[in-house]
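Data first, discussion second: the structure below is written as structure tokens.
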Amino acid sequence: MKTPRAVPATDQPSPAQDEATTGPPRPRGPRHNTRWLMVFLCFLGMTVNYVDRATISISLPYMTDDLHIGPEWQGVILSMFFVTYALGQLPAGALIDRYGEKRMFAIGGLIWSLVTVGTGFVRGIGSLLFARLALGAGEAPAYPSCAKSVSRWFPVRERALANSVWDNGARAGTAVAAPVVTALIAWQGWRMAFWVTGAVALLWVALWLKAYREPSARGGLSAEERAYVTAGGARLEENPAEKTTAPEEPAVRWRDLFRHRTVWGMMIGFFCLNYVIYFFITWFPSYLVDARGFDLLKLGFYGALPGIVAIGGSLLGGWTSDTLLRRGWSVSRARKTCLVCGMLFSSVIAFAVLVPSAMWALALLSVSYASLAFSAASVASLPADVAPTPRHVASLGGIQNFASNLAGVLGSTTTGLLLGFFHHSFVAPLMLSGALCIVGALTYGLVIKRVEPLRLTAA
């Protein structure tokens, strides 16, 4: 049996890219904005997802005495989530491509909400480790589900901004978690924090099942909006443009995606980006408490600032990428410019160790987080931009996210080990994070040659 091989990329945009960036005008009015309601539901889901994920990071300094957790175990506990979360990306992406984002996101949400509630009942390290593993498995479908939804609902010229909307759920969740979880801890202790955040997740699952629909269902979707997203390059399975070319292309097996340099560039680049982002999700509260002397009140207030600033960075990244497309830039040039520039600016995280003032350090960390979020809008668009068929968008999203969350496993553990080796100093962890930002910029600039659909032909 012949296996597909890559066709060398040309320097000219493909016809599909030309059509996607110069399609029909955007329909106006609330009747034609169903797609934005769908992405807002994804945003709410990711917000709740990250609140539940961040609850343990904020609670951990206050759980250690009750559960007798030493510093050597803290990094392990934080990293356990990423083991199942990373491994779960690969099957989650394939299942979403097969069964749809609505069903799989709901199943994942039900699992992670129940696990979060259950975490409030743990009595030792063993049960806490199990809860972290289960939480990672439950949250695995979230990212590829949102990427799949945007790929189906949005034209290419709006894709980066739409992705920045739902991806901002990560920042919003992290920002909301800081004051809310600290208030719950101050009110009734860390167990109550898990019970409340888990219950909120259950409410989101009910809303998602009731309100979300796939574009093929057509309910509430005007003819004008449907024509706009279809002609603009939305990756609908029933898209006529996709059907005309499908018979001429060989079937693309899931494992064949790994044959492409672009896919490996996506994996390595997102690994570097997420290594640094997960510092903010896991160790950042401990950094403020241990290295900068913040008390619970300061942690609740100042701990939310980087996430809030990053929301603006993410929206700016999506708007910039889409604006460049509307001004005639190719998809490849627009995406890579945003990816490289954002990753380079994020390296300022390393300079936080050089400033004596806690406020200056917080400012540098906020700039770094915002720059990462600026790049993340284009990262989230890559699976739809390069998928050879609509049936591979979530699979590529899962592959990309699998690699990125290996950074969660390694990053959480490595930071803990470095803190232990250097007597609780954050200098080495932050310097390493800054170096990886530069590696990520080089990867997106040099390893990925062009951002365009993977083109395959029989060998």
From [atom1] ([X]) to [atom2] ([Y]), nearest 0.5 Å:
| X | Y | atom1 | atom2 | result |
| --- | --- | --- | --- | --- |
| Phe130 | Leu135 | CZ | CG | 11.5 Å |
| Thr320 | Leu316 | OG1 | CG | 4.0 Å |
| Met267 | Phe258 | CE | CZ | 5.5 Å |
| Leu41 | Leu207 | CG | CG | 5.5 Å |
| Arg259 | Leu454 | CZ | CG | 13.0 Å |
| Leu430 | Leu418 | CG | CG | 10.5 Å |

Okay, side chain of [X], backbone of [Y]: is any donor-acceptor separation there less than 3.5 Å?
| X | Y | value |
| --- | --- | --- |
| Arg157 | Arg326 | no |
| Lys148 | Ile96 | no |
| Trp112 | Asn49 | no |
| Ser321 | Gly317 | no |
| Ser113 | Ala201 | no |
| Ser59 | Thr55 | yes |
| Asn168 | Ile311 | yes |
| Thr116 | Gly198 | no |
| Lys102 | Arg213 | no |
| Ser346 | Met343 | yes |

How close do [X] and [Y] get, counting heavy atoms only, and between which atoms?
| X | Y | value |
| --- | --- | --- |
| Ile111 | Gly138 | CG2-CA, 3.6 Å |
| Val205 | Gly109 | CG2-C, 3.5 Å |
| Pro144 | Ala394 | CB-O, 3.8 Å |
| Ser164 | Ala377 | CB-CB, 3.7 Å |
| Val39 | Ala162 | CG2-O, 3.3 Å |
| Ala352 | Ala361 | O-CB, 4.0 Å |

Within a strict 4.5 Å, meaning less than it, do heavy atoms of the [X] and [Y] side chains meet?
| X | Y | result |
| --- | --- | --- |
| Lys449 | Thr262 | no |
| Leu202 | Leu114 | yes |
| Thr443 | Ile448 | no |
| Leu129 | Val76 | yes |
| Val276 | Cys437 | yes |
| Leu372 | Phe345 | no |
| Tyr369 | Val309 | no |
| Ile349 | Leu365 | yes |

Within 45° cone and under 6.0 Å: Arg261 NZ/CZ vs Trp264 ring: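 Because its charged atom misses either the 6.0 Å distance or the 45° angle limit, Arg261 does not stack over Trp264.
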Cation-pi check for Tyr85 against Arg53: NZ or CZ below 6.0 Å from the six-membered ring centre and within 45 degrees of the axis, yes or no?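 The answer is yes, since Arg53 meets both limits relative to Tyr85.
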Show the numbers, then the answer: is there a ring-ring contact (aromatic ring centres under 6.0 Å, His included) between Phe105 and Trp204? CA-CA 11 Å; Phe105 204 177; Trp204 172 81; 4.7 Å; yes
Please lay out, stage by stage, how Tyr212 and Ser149 fare under the test side-chain hydrogen bond (donor to acceptor under 3.5 Å, both in side chains). CA-CA 10 Å; Tyr212 184 83; Ser149 177; 2.8 Å; yes
Evaluate side-chain contact (heavy atoms from CB on, under 4.5 Å) for Thr414 paired with Tyr275, printing each intermediate quantity in order. CA-CA 10 Å; Thr414 300; Tyr275 184 98; 3.8 Å; yes
Within 6.0 angstrom of Arg98 CZ, more than 12 heavy atoms from elsewhere: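 Atom CZ in Arg98 is not crowded, with 12 or fewer foreign heavy atoms closer than 6.0 Å.
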I would like to know whether Val331 and Glu452 meet side-chain contact (heavy atoms from CB on, under 4.5 Å); could you show each step before the answer? CA-CA 7 Å; Val331 174; Glu452 62 182 5; over 6 Å; no
Please find out if less than 6.0 Å separates the ring center of Phe43 from that of Trp36.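 Ring centroids of Phe43 and Trp36 are no less than 6.0 Å from each other.
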Please evaluate residues Leu161 and Phe154 with respect to the criterion side-chain contact (heavy atoms from CB on, under 4.5 Å), reporting the C-alpha separation (whole Å), side-chain torsions for both, the decisive distance (0.1 Å), and the verdict. CA-CA 10 Å; Leu161 181 59; Phe154 284 85; over 6 Å; no
Chi angles and distances behind the side-chain contact (heavy atoms from CB on, under 4.5 Å) call for Glu101, Arg152: CA-CA 10 Å; Glu101 64 273 18; Arg152 302 185 68 198; 3.4 Å; yes
Looking just at side-chain N and O atoms, do Ser404 and Asn401 make a donor-acceptor pair shorter than 3.5 Å?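 Side chains of Ser404 and Asn401: pair found under 3.5 Å.
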Determine, for Asp322 against Arg159, whether the closest basic-nitrogen to carboxylate-oxygen distance falls under 4.0 angstrom.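 Here Asp322 does not pair with Arg159 in a salt bridge, since their nearest N and O are not under 4.0 Å apart.
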Under the criterion side-chain hydrogen bond (donor to acceptor under 3.5 Å, both in side chains), I'd like the reasoning laid out for Tyr278 against Asn405: C-alpha separation, chi angles, the key distance, then a yes or no. CA-CA 9 Å; Tyr278 279 126; Asn405 283 284; 2.6 Å; yes
Which residue in the set Val439, Leu382, Val451 passes side chain to side chain contact (heavy atoms under 4.5 Å, CB included) when paired with Tyr444?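 Between Tyr444 and the candidates, side chain to side chain contact (heavy atoms under 4.5 Å, CB included) is satisfied uniquely by Leu382.
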